[in-house]
Amino acid sequence: MRCLTLLSLSSAVGLALARNCQNLTVTVSIEGRNGVFNVTATQSNIEVVNFVLDQVQQGHNGTAEVLEGYANVEGTYNLSSTYCTPDSGPGKALQVLTHGVGFDRSYWDASLNEYNYSYVNKAIEAGYSTFFYDRLGIGESSRADPIQDIQSSLEIASLAALTKLLRSGSVPGVQQPYSKVIHVGHSYGSIQTYALVRDYPELSDAIILTGFSQNGSFIADFELGGNFVAVQNSPLASQYPAGYLAAGSKSGVQSNFFAPGDFSPEALDYAYTTGQPVSQGELLTQGGAAAGVNNFAGPVLIITGERDVPFCGGDCDLTGNPNLPNIPSSSKESFPKASEFDVVIVPGAGHGLNLQYSHVFTYSQMLEFLGAVGSGSGGWEDVSK
Ligand SMILES: *[C@@H]1O[C@H](CO)[C@@H](O)[C@H](O)[C@H]1NC(C)=O
Ligand SMILES: *[C@@H]1O[C@H](CO)[C@@H](O)[C@H](O)[C@H]1NC(C)=O
Ligand SMILES: *[C@@H]1O[C@H](CO)[C@@H](O)[C@H](O)[C@H]1NC(C)=O
Ligand SMILES: *[C@@H]1O[C@H](CO)[C@@H](O)[C@H](O)[C@H]1NC(C)=O
Ligand SMILES: *[C@@H]1O[C@H](CO)[C@@H](O)[C@H](O)[C@H]1NC(C)=O
Ligand SMILES: CC(=O)N[C@H]1CO[C@H](CO)[C@@H](O)[C@@H]1O
């Protein structure tokens, strides 16, 4: 299926932005070293809350307490995706976008307010192609066991396999191999992007980690604040098996993704009605996945809302350490070889950056960063590399 979308832009120039988008199914054959957990799929809201309470006990590692060992999980899975180029043809580089918990790939191209919040539109306008996909187990992508299969390791393997296919021009519908690929994540998608370039540094030319830090002290706020219920008791019941947790209320979504004063009620409605659940396997494995020294040698931008709950406990600027300007900056030590390492804190923003008023600032910072690191020899349009 192919379709041309014409979008009127409220930009100063008042031009019509033409983009060419196509939905694609990409099949990946992958293997991950997953945890084996002594956990059963939650069947009721009470079991969901019990699961969360087992995860968040202070001084405990709830994951280690149910970990029995590791096993290789392998399989062939479909990733439901959307590929967009400027109307004029393939962009100067391809941005691969990985969404976080609570959303599917539409997070990057929200129809809210006539696509006014769409990051994809901004990236296309700046001359990039974009590829965004539903993570394994989410949205229209393949399902598998939500505890033993849908975990960080297998999902990171899927992002690596997808990137290799895109780089070699082996995805039917993607007209050309891209020699320059940028990876952008949000939240859990940033965790996976971090792991991707740690484990396969050659697969990316630049990364942007949005809604991210490596400080794991605040994940309990997110798990409790989400007011999670069993997916069986949510509007998504027919689309997911037991073992997924869904937001139990709009207030849970507000606590986790929106900061006071930075959003419209319509944006909160949109996030709630388009929301997607999280698997128990993901909750068990997200904490440990963005650890370890990262020898990625390309440019790195971390951009996080000042009032981000899961990664900053609601205040990224309060570190108690005069040498650390904000919590995400502690990742500088994790990237000893990065050619560029920048951190931007979005004033007044919560965790769900793309759906808040501050998205205008967020996107301009992201695209400015890419413009700066992609200029000159070896830059995005230089295909000699
Ligand atoms: C791609 O799939 C999404 C999700 O099903 C749908 O909303 C969208 O309209 C499709 N886009 C195109 C270009 O077909
Ligand atoms: C699995 O967990 C249950 C409690 O939830 C416990 O009774 C059982 O002994 C555990 N099994 C193993 C093999 O650890
Ligand atoms: C992937 O999707 C194709 C159709 O697009 C289908 O034929 C195939 O069975 C699917 N594979 C899996 C692993 O779901
Ligand atoms: C908790 O335990 C898991 C499994 O051993 C490990 O991967 C993770 O890094 C640990 N988390 C912390 C914060 O120590
Ligand atoms: C996380 O951030 C808090 C607040 O700045 C700080 O007290 C704590 O030491 C940090 N933890 C880690 C593991 O960096
Ligand atoms: C990305 C974008 O164009 N955002 C605009 C959405 O609409 C608000 C006001 O309605 C503008 O301030 C943003 O610039």
Side-chain angles (χ1 to χ4, degrees), residues 1-2 22-44 46-71 73-83 133-145 147-158 161-162 165 170-174 188 191-192 194-195 198-199 212-223 239-241 243 280-294 310-311 313 327 330-331 334:
M1 186 177 14
R2 213 176 158 83
Q22 224 182 325
N23 281 343
L24 301 168
T25 300
V26 182
T27 305
V28 290
S29 290
I30 51 176
E31 181 174 334
R33 185 174 175 268
N34 276 11
V36 176
F37 293 111
N38 180 16
V39 164
T40 53
T42 47
Q43 303 293 338
S44 67
I46 287 176
E47 288 184 16
V48 164
V49 177
N50 287 342
F51 174 79
V52 169
L53 293 174
D54 283 346
Q55 280 287 295
V56 301
Q57 286 184 280
Q58 64 95 1
H60 292 242
N61 180 331
T63 298
E65 287 174 9
V66 291
L67 180 69
E68 291 186 334
Y70 291 90
V73 170
E74 56 175 291
T76 298
Y77 307 96
N78 281 340
L79 299 175
S80 193
S81 316
T82 305
Y83 171 59
Y133 67 103
D134 290 342
R135 290 194 338 258
L136 190 59
I138 302 294
E140 298 172 326
S141 289
S142 293
R143 298 286 181 268
D145 185 303
I147 295 168
Q148 312 300 352
D149 295 346
I150 306 301
Q151 296 183 12
S152 296
S153 172
L154 195 64
E155 291 190 39
I156 293 158
S158 75
L162 175 63
L165 292 172
S170 318
V171 173
V174 179
Y188 187 40
I191 290 175
Q192 295 188 16
Y194 182 97
R198 178 196 59 211
D199 299 345
F212 177 79
S213 81
Q214 284 177 279
N215 188 317
S217 308
F218 312 112
I219 286 292
D221 297 0
F222 182 88
E223 296 202 22
Q239 296 172 44
Y240 291 88
Q280 287 171 263
E282 292 177 326
L283 287 175
L284 287 163
T285 57
Q286 64 175 356
V293 171
N294 200 316
F311 291 90
I327 291 172
S330 65
S331 293
S334 300

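Numbering of ligands and ligand atoms starts at 1, following listing order.
- Here CD of Gln148 is found 8.0 Å from CG of Asn34. Values are rounded to the nearest 0.5 Å.
- Of the listed options Ile219, Val66, Asn61, Asn61 places a heavy atom closest to atom 3 (C) of ligand 4.
- The presence of a protein heavy atom under 4.0 Å from atom 10 (C) of ligand 2 is confirmed.
- At under 3.5 Å, a nitrogen or oxygen of Asn78, whether backbone or side chain, sits near a nitrogen or oxygen of ligand 3.
- Checking atom 7 (O) of ligand 2 against the protein gives no heavy-atom contact under 4.0 Å.
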Show your reasoning for whether side-chain contact (heavy atoms from CB on, under 4.5 Å) applies to Val26 and Tyr83.
-> CA-CA 11 Å; Val26 182; Tyr83 171 59; over 6 Å; no
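- The environment of Ile46 atom CD1 is sparse: at most 12 non-hydrogen atoms of other residues, nucleotides or ligands sit within 6.0 angstrom.
- Remark: ligand 4 atoms within the under-4.0 Å shell around heavy atoms of Ala64 are 2 (O).
- Interatomic distance, Ser170 OG to Leu162 CG, rounded to the nearest 0.5 Å: 11.0 Å.
- If you number the atoms of ligand 4 from 1 as listed, the ones under 4.0 Å from a heavy atom of Leu67 come out as 4 (C), 5 (O).
- Atoms CZ and OG, on Arg33 and Ser152 in that order, are 13.0 Å from each other to the nearest 0.5 Å.
- Atom numbering of ligand 2 starts at 1 in the shown order; those under 4.0 Å from a heavy atom of Glu68 are 12 (C), 13 (C), 14 (O).
- Residue Tyr70 has no nitrogen or oxygen atom sitting less than 3.5 Å from a nitrogen or oxygen atom of ligand 4, judged on distance alone.
- Among the candidates Val39, Val48, Thr285, the single residue satisfying the side chain to side chain contact (heavy atoms under 4.5 Å, CB included) test with Gln280 is Val39.
- Distance from atom 2 (O) of ligand 2 to its nearest protein heavy atom, with residue and atom name: Asn38 ND2, 2.4 Å.
- In this structure, atom 13 (C) of ligand 3 lies nearest to the protein heavy atom Thr76 O, 3.3 Å.
- Side-chain contact, Ser141 with Ser80: no donor N or O sits under 3.5 Å from an acceptor N or O.
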